[in-house]
Amino acid sequence: MFTSKKDYLSAKIIDHRAMSENVRRMWLEAPTISTMAVPGQFVNIYVANRAKILPRPISICEIDRERGRISLVYRVGGEDTGTLEISRLRPGERLNILGPLGNGFPITNKSAMLVGGGIGIPPMYALSREIYEIFGQKSLCVLGYKGEGGVMYRDFQKMNNVFVSTEDGSIGTKGTVIDAIEAFDLEAEIIYACGPMPMLSEIKKLAIKRDVKAYVSLDSRMGCGVGVCLSCTVDREMPDPISGQDRVRICTEGPVFEVREVNI
Amino acid sequence: MFTSKKDYLSAKIIDHRAMSENVRRMWLEAPTISTMAVPGQFVNIYVANRAKILPRPISICEIDRERGRISLVYRVGGEDTGTLEISRLRPGERLNILGPLGNGFPITNKSAMLVGGGIGIPPMYALSREIYEIFGQKSLCVLGYKGEGGVMYRDFQKMNNVFVSTEDGSIGTKGTVIDAIEAFDLEAEIIYACGPMPMLSEIKKLAIKRDVKAYVSLDSRMGCGVGVCLSCTVDREMPDPISGQDRVRICTEGPVFEVREVNI
Amino acid sequence: MNMNVSIAGIDWKNPVTVASGTFGSGKEYSDFFDLSLLGAVTTKGVSFSPWKGNPTPRIAETCGGVINSIGLQNPGVEYFLKQDLPFLAGYNTNVIVNICGHTVPEYVEVARCLSEEEDVDYLELNVSCPNVSEGGIAFGTDEQKLKEVIADVKRVSKKPLIVKLSPNVTDIVRMAQIAESEGADALSMVNTFMAAKIDVDSRSFILANKTGGLSGPAIHPIVVRMVYETARVVNIPIIAMGGVMSGRDAIEFILAGATAVAVGTASFRYPKAARQVIEEIREYMFRYNVDDIRQLIGQVRD
Amino acid sequence: MNMNVSIAGIDWKNPVTVASGTFGSGKEYSDFFDLSLLGAVTTKGVSFSPWKGNPTPRIAETCGGVINSIGLQNPGVEYFLKQDLPFLAGYNTNVIVNICGHTVPEYVEVARCLSEEEDVDYLELNVSCPNVSEGGIAFGTDEQKLKEVIADVKRVSKKPLIVKLSPNVTDIVRMAQIAESEGADALSMVNTFMAAKIDVDSRSFILANKTGGLSGPAIHPIVVRMVYETARVVNIPIIAMGGVMSGRDAIEFILAGATAVAVGTASFRYPKAARQVIEEIREYMFRYNVDDIRQLIGQVRD
Ligand SMILES: Cc1cc2nc3c(=O)[nH]c(=O)nc-3n(C[C@H](O)[C@H](O)[C@H](O)COP(=O)(O)OP(=O)(O)OC[C@H]3O[C@@H](n4cnc5c(N)ncnc54)[C@H](O)[C@@H]3O)c2cc1C
Ligand SMILES: Cc1cc2nc3c(=O)[nH]c(=O)nc-3n(C[C@H](O)[C@H](O)[C@H](O)COP(=O)(O)OP(=O)(O)OC[C@H]3O[C@@H](n4cnc5c(N)ncnc54)[C@H](O)[C@@H]3O)c2cc1C
Ligand SMILES: Cc1cc2nc3c(=O)[nH]c(=O)nc-3n(C[C@H](O)[C@H](O)[C@H](O)COP(=O)(O)O)c2cc1C
Ligand SMILES: Cc1cc2nc3c(=O)[nH]c(=O)nc-3n(C[C@H](O)[C@H](O)[C@H](O)COP(=O)(O)O)c2cc1C
Ligand code: FES
Ligand code: FES
């Protein structure tokens with residue numbers, strides 16, 4: 001009777017391994033979520049320790065609808081963080097999660113440029129796969145890393161044209177993703193991006209300058225992830241024409257926004 | 001330089017299994033503790049969850065000095081208790097403990113009666129073994145259970161003369177350990193006891209009536225287990241002749257007291 | 001088995017509501033369970049005109065707690081009446097509308113509007129709002145201001161008035177007595193504790209607003225004490241809140257003297273937390289053969 | 001790297017002491033580490049004549065917290081001077097003696113005795129003791145009583161006086177200002193929060209005394225806020241305590257404005273907690289290239 005489009009479940013961990021020193025990939029058995037999810041959506045992960053109350057919002061990185069699984073790629077925080085506790089879970093153990101949450105990226109058959117920075121890279125992977133699977137189309141992917149040993153680089157190469165920037169210049173263009181975009185004069189009819197806020201602000205400028213649509217996934221500290229607590233709101237550029245509201249919830253109306261909608 | 005007679009360590013769990021529905025036995029690798037410990041002493045167990053701050057004091061049940069191991073037999077509490085979390089640990093995992101703590105039972109070659117009630121039974125086991133090993137002497141052991149399925153009954157039988165009471169009369173004498181002692185007219189030159197407070201009060205009366213020494217191990221909620229917080233104090237019958245103090249710490253001067261010393 | 005309680009003459013089918021601001025307007029969690037299962041629904045804070053709230057980040061986690069500085073973002077009473085109230089009216093439960101204001105007249109205005117609404121069952125006066133006339137000091141920490149705001153709102157309110165006390169006071173019993181004598185029909189105890197968290201790596205506060213209100217299990221034992229002390233001296237019912245994560249936490253409040261409890265922060269961890277608390281209270285009553293929840297109110301051994 | 005701080009003209013080799021009542025008289029933990037590593041040792045509460053304390057059980061656990069109702073059991077100042085002080089004097093650290101009394105004259109008496117002792121470096125005035133002349137209300141929650149006890153003790157004390165504030169007040173900044181203006185040389189912030197825990201199975205309080213004081217990480221964020229607010233207005237140093245479990249917790253207090261911190265409840269979980277906090281502060285300074293700890297005091301970004 002109360003069928004939510006969000007599934008709360010104790011998901012079995014199928015696989016859990018390190019991708020780099022402090023990034024891990026976890027495959028979870030989550031049949032309902034895998035059926036419903038689209039790239040850009042996220043799940044809430046709950047830490048078993050009852051003293052850690054808030055959810056950890058983590059983007060869905062891969063969706064294996066056939067086997068009813070999703071993967072999450074996440075950064076393991078320092079001492080006493082929730083992600084550190086999560087990182088210790090072994091395959092066969094279970095994790096409480098809720099999802100899929102948020103809106104996800106709108107997909108079109110336009111030529112797409114996917115821009116990911118740091119831990120914003122994993123959600124772009126689901127998107128690039130989806131675009132490839134639906135439209136048979138390779139995307140331009142621009143991945144920004146701190147230095148060598150950046151995660152998922154090889155995964156992306158399978159079905160995309162990949163460009164890389166590193167802060168230290170160890171591989172690809174030295175500098176930011178914007179530097180890489182400019183260095184190679186990369187162009188596309190639509191931009192998707194996820195990464196740190198300064199990067200997203202640059203994407204906004206770029207999108208306006210080039211007059212193309214850009215969908216960005218925003219980060220925020222969240223209380224609930226489902227729209228009740230208003231922890232995660234961001235200013236709209238203009239009040240919503242229907243409700244008159246001038247702030248939107250990243251967890252519910254987002255995390256993906258067309259850059260012109262939000263004041264970032 | 002700062003060699004404490006108490007060892008704080010992350011002890012490896014060698015074996016961990018259920019003895020009854022809610023009682024478990026855990027063998028821990030704790031070489032220093034096993035060397036130093038005597039029956040009646042206890043260890044502090046610390047729950048990994050940082051929100052559960054206080055130690056769980058648990059008596060040492062068996063001491064395997066040769067292999068550097070100790071066993072603990074403990075009752076698993078209900079929802080959200082620390083012992084429930086501890087009960088989920090698997091062999092190979094580690095547990096922070098501190099011990100040995102407290103004074104332990106004074107051992108003599110007098111004919112001994114060991115009285116254990118409920119979860120007070122495990123510490124009596126270490127004592128009965130010690131008496132047997134040192135003096136080659138079987139003890140009279142009176143074990144009080146709620147009903148059938150009481151733990152360690154068979155272990156005790158190997159080197160003791162065992163009498164049992166059950167509240168429901170399912171095995172042994174129906175009633176308390178005192179009822180069993182009276183029913184069989186059990187006598188000894190010295191009594192040792194551990195169990196719920198009403199039982200210990202009865203032991204006190206018995207010891208006074210029979211004019212024998214009785215050493216009882218007292219329970220208390222503890223803050224530190226090492227004598228700093230004064231959570232666990234109990235009234236002396238008389239102020240200490242030297243210090244003039246009229247309360248003693250169960251964790252440090254106890255947990256074992258001659259019944260006449262303390263106001264129970 | 002009876003779980004019914006009565007607060008200011010209105011029946012609740014069980015003693016469980018949700019805490020203001022942790023349940024939105026009810027819509028979101030109605031995806032997870034039937035709101036009609038609740039004794040009452042409590043809305044987020046509603047002010048007369050829209051409030052923007054504080055800058056983000058607005059939430060932080062601490063050991064056993066959560067600090068929030070939402071700052072009462074809300075679209076104002078008009079929007080509430082059009083968009084949220086009709087939705088709640090569709091459920092068979094009581095509706096408590098939490099109200100806030102920056103000045104006494106603002107409180108009075110919103111109370112007046114809501115009083116006209118059939119579907120509103122109670123007003124809950126949040127006295128932790130920053131009192132702009134007094135430089136931001138909350139109404140709930142100043143005896144004189146507390147009196148004034150209650151008396152003025154009470155004068156216009158046609159609904160039973162629940163006063164939600166702030167715990168950031170030396171003597172909460174006294175504040176409760178003031179509320180009672182100014183005409184409060186019930187008390188909500190308590191709002192959040194003023195707190196802060198600093199990120200030592202960036203050396204800055206985690207909340208943009210620097211400080212915020214602490215909720216969750218960390219504060220539960222302090223609130224148990226406050227409810228216990230207050231219930232012994234006031235004659236109006238208490239709705240207790242602060243870290244109710246389970247039925248047992250709720251029973252603690254009831255034994256201490258609360259007539260009902262609210263589930264707040266717990267919903268962030270488990271969307272069906274409020275429903276689960278109701279089930280666990282029922283299990284407790286079953287296990288201990290309690291056939292009327294009212295037999296537990298204030299029944300902690302003295 | 002300098003970890004030295006100075007409080008009331010006395011040097012501490014690092015900004016870490018232990019919280020009164022959680023470290024006994026020092027003897028017990030001296031088995032675990034060298035007390036000379038500490039900036040200062042703080043003793044348990046010492047009263048003029050022996051106090052029996054409260055009935056047991058005296059301690060309970062909550063989520064992230066501990067509630068205690070020891071009730072200041074102690075053998076009195078004479079015993080302290082004979083048995084405990086000489087032991088502490090053997091270490092190269094500062095000695096803070098925490099003092100308590102049921103009446104102002106009791107405080108004055110114990111302060112007078114201790115003032116004569118060379119090995120006592122500071123008196124720490126615990127104003128959370130039940131004021132028997134006023135029916136048990138703590139001195140620390142009443143402005144007038146607070147003034148009086150500080151002024152009278154200050155008059156006889158030949159040692160720098162640290163006033164240990166109670167957090168159970170509406171406006172701790174005001175209490176701090178009162179302490180400062182009555183002559184306090186430093187502040188300890190804070191004592192425990194009044195709380196209670198009920199065992200729902202037996203329907204009785206876990207503590208024999210019913211209520212007790214909450215300490216531990218649960219309260220840390222509330223105290224961070226209090227220290228931050230207070231440090232901005234007083235000119236005497238603050239020793240902060242409340243849930244310091246790690247170096248990071250300590251750094252939070254220091255960034256908020258504390259000159260030193262005390263490790264309390266953490267020692268119950270790990271006997272070497274205080275030493276570990278010192279090491280972790282050192283690691284933090286090393287990682288972030290802080291060559292003087294004083295560069296961190298109050299340096300949270302505004
Ligand atoms: C929509 C969305 C998608 C995300 N996707 C990913 C992803 O795919 N992979 C990934 O590694 N990270 C992702 N993040 C960031 C991730 O949520 C945080 O890194 C994580 O919550 C930090 O938790 P912790 O246990 O390590 O830190 P703790 O310090 O223990 O966290 C304490 C609290 O702060 C919150 N918090 C701390 N840092 C952040 C942050 N940067 N953003 C949001 N909340 C934070 C935590 O959720 C928690 O509530 C995403 C964030 C959002 C909002
Ligand atoms: C000297 C001594 C020896 C003991 N030996 C044993 C033993 O061998 N086997 C065994 O099963 N139990 C023993 N106990 C009792 C044991 O300490 C408690 O059952 C246990 O601490 C309960 O913890 P919990 O995590 O289940 O409960 P929780 O409810 O999670 O505990 C909360 C807090 O209360 C304390 N607490 C709760 N109940 C008790 C209690 N009955 N006694 C003391 N503290 C309590 C806990 O230590 C903890 O600090 C002993 C107690 C003492 C004092
Ligand atoms: C995110 C958030 C928003 C809140 N908003 C309000 C509010 O609008 N009005 C109010 O009176 N209390 C508000 N509160 C306080 C809660 O209603 C409740 O009193 C407090 O959180 C303690 O309960 P808990 O520990 O169960 O959350 C809010 C609390 C949180 C965590
Ligand atoms: C068991 C115990 C006993 C205490 N005894 C005293 C005392 O004698 N005098 C005092 O001023 N504070 C006393 N306190 C309070 C602590 O010194 C400290 O202020 C408080 O516990 C907060 O710090 P923490 O969270 O690090 O423990 C006691 C605290 C505990 C837990
Ligand atoms: S996180 Fe609660 S509304 Fe978005
Ligand atoms: S438990 Fe701390 S003194 Fe005994």
Side-chain angles (χ1 to χ4, degrees), chain A residues 1-10 44-57 77-82 96-99 101 197 218-236 239-240 242-252 263-264, chain C residues 18 21-35 44-45 50 52-76 78-79 82-83 201 206-208 212 215-218 243 245-246 264-272 275:
Chain A
M1 188 162 102
F2 295 93
T3 45
S4 160
K5 279 169 295 172
K6 306 176 184 98
D7 195 25
Y8 180 95
L9 78 159
S10 166
N44 272 352
I45 301 192
Y46 303 95
V47 187
N49 178 346
R50 289 173 187 231
K52 294 196 181 297
I53 295 172
L54 295 180
R56 272 61 183 165
E79 198 196 325
D80 201 23
T81 59
N96 290 340
I97 64 172
L98 172 67
L101 303 175
M197 195 54 95
L218 301 186
D219 187 9
S220 171
R221 297 212 170 228
M222 292 187 176
C224 66
V226 298
V228 304
C229 75
L230 306 186
S231 299
C232 64
T233 61
V234 59
D235 278 327
R236 286 180 172 281
D240 183 286
I242 298 154
S243 70
Q245 296 300 292
D246 54 7
R247 287 183 76 86
V248 275
R249 296 167 298 187
I250 290 176
C251 68
T252 304
N263 186 358
I264 58 170
Chain C
V18 293
T22 64
F23 208 75
S25 56
K27 273 203 194 81
E28 292 79 6
Y29 284 138
S30 71
D31 282 354
F32 292 97
F33 66 93
D34 181 356
L35 304 187
K44 62 186 146 97
K52 254 188 96 62
N54 289 319
T56 54
R58 291 178 171 180
I59 200 151
E61 191 185 69
T62 67
C63 182
V66 165
I67 316 181
N68 89 82
S69 62
I70 310 301
L72 292 160
Q73 177 186 332
N74 83 92
E78 200 183 316
Y79 182 96
K82 250 198 334 240
Q83 303 293 326
D201 296 312
I206 291 193
L207 302 180
S215 61
M245 306 303 276
S246 69
T265 302
S267 296
F268 298 169
R269 194 172 160 72
Y270 181 49
K272 299 176 199 169
R275 193 186 73 177

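Only this structure's heavy atoms are used, side chains among them; waters, hydrogens and symmetry mates stay out.
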Chemist: With a 4.5 Å limit on heavy-atom distance, are the side chains of Phe268(C) and Met222(A) in contact?
Modeler: no
Chemist: Please walk me through it: do Val234(A) and Thr56(C) pass side chain to side chain contact (heavy atoms under 4.5 Å, CB included)?
Modeler: CA-CA 8 Å; Val234(A) 59; Thr56(C) 54; over 6 Å; no
Chemist: Look up atom CG in Asn49(A) and atom SG in Cys63(C), then write down how far apart they are to the nearest 0.5 Å.
Modeler: 7.5 Å
Chemist: Can you tell me if Gln83(C) has over 12 outside heavy atoms packed within less than 6.0 Å of its CD?
Modeler: yes
Chemist: Is Ser231(A) close to chain C through its backbone or its side chain, or both, or neither, when contacts mean heavy atoms under 4.5 Å?
Modeler: both
Chemist: Between Thr22(C) and chain A, with a heavy-atom cut-off of 4.5 Å, which part of the residue counts as in contact: side chain, backbone, both or neither?
Modeler: backbone
Chemist: What pair of heavy atoms forms the shortest contact from Glu28(C) to Arg249(A), and how long is it?
Modeler: OE2-NH1, 2.9 Å
Chemist: Taking Arg221(A) for the side chain and Arg58(C) for the main chain, is one N or O donor matched with an acceptor at less than 3.5 Å?
Modeler: no
Chemist: Could you go through Gln245(A) and Tyr79(C), starting from their C-alpha distance and side-chain angles, then the distance that decides it, and tell me whether this counts as side chain to side chain contact (heavy atoms under 4.5 Å, CB included)?
Modeler: CA-CA 10 Å; Gln245(A) 296 300 292; Tyr79(C) 182 96; 3.9 Å; yes
Chemist: Check whether Thr233(A) gets within reach of chain C through its side chain, its backbone, both or neither, counting any heavy atom under 4.5 Å.
Modeler: both
Chemist: With respect to chain C, which residue among Val226(A), Thr252(A), Asn44(A), Asn96(A) yields the maximal number of heavy-atom pairs within a distance under 4.5 Å?
Modeler: Val226(A)
Chemist: Using a strict threshold of under 4.0 Å (side-chain N to carboxylate O), is an ion pair present between Lys5(A) and Asp31(C)?
Modeler: no
Chemist: Applying side chain to side chain contact (heavy atoms under 4.5 Å, CB included), run through Cys224(A) and Phe23(C) and close with a yes or a no.
Modeler: CA-CA 9 Å; Cys224(A) 66; Phe23(C) 208 75; over 6 Å; no
Chemist: State, to 0.1 Å, how close Arg269(C) and Lys52(A) come at their nearest heavy-atom pair, and which atoms those are.
Modeler: NH1-O, 2.7 Å
Chemist: State whether Glu61(C) and Arg56(A) are salt-bridged, where the test is any N-O pair (Lys NZ or Arg NE/NH1/NH2 against Asp/Glu carboxylate O) under 4.0 Å.
Modeler: yes
Chemist: At a heavy-atom separation under 4.5 Å, does Thr62(C) approach chain A through its side chain, its backbone, both, or neither?
Modeler: backbone
Chemist: Strictly under 6.0 Å, is that where the ring centroids of Tyr8(A) and Tyr270(C) end up?
Modeler: yes
Chemist: Any chance you could measure Leu230(A), atom CG, to Asn54(C), atom CG, to the nearest 0.5 Å?
Modeler: 12.0 Å
Chemist: Which bit of Lys82(C) comes within less than 4.5 Å of chain A, counting heavy atoms only: side chain, backbone, both or neither?
Modeler: neither
Chemist: Heavy-atom distance under 4.5 Å to chain A: side chain of Ala218(C), backbone, both or neither?
Modeler: neither
Chemist: Identify which part of Pro75(C) has an atom lying under 4.5 Å from any heavy atom of chain A, answering side chain, backbone, both or neither.
Modeler: both
Chemist: Can you tell which part of Asp80(A) gets under 4.5 Å to a heavy atom of chain C, answering side chain, backbone, both or neither?
Modeler: neither
Chemist: Using side-chain heavy atoms (C-beta onward) and a distance below 4.5 Å, is Lys44(C) in contact with Val228(A)?
Modeler: no
Chemist: Would you say Arg50(A)'s side chain and Pro217(C)'s backbone share a donor-acceptor pair under 3.5 angstrom?
Modeler: no
Chemist: When heavy-atom pairs shorter than 4.5 Å are enumerated against chain C, which of Pro55(A), Gly223(A), Gly82(A) gives the highest number?
Modeler: Gly223(A)
Chemist: Determine the minimum heavy-atom distance between Asp235(A) and Lys52(C), stating which atoms define it.
Modeler: OD1-NZ, 2.8 Å
Chemist: Could you tell me whether the side chain of Leu98(A) reaches within less than 4.5 Å of the side chain of Pro271(C), counting heavy atoms only?
Modeler: yes
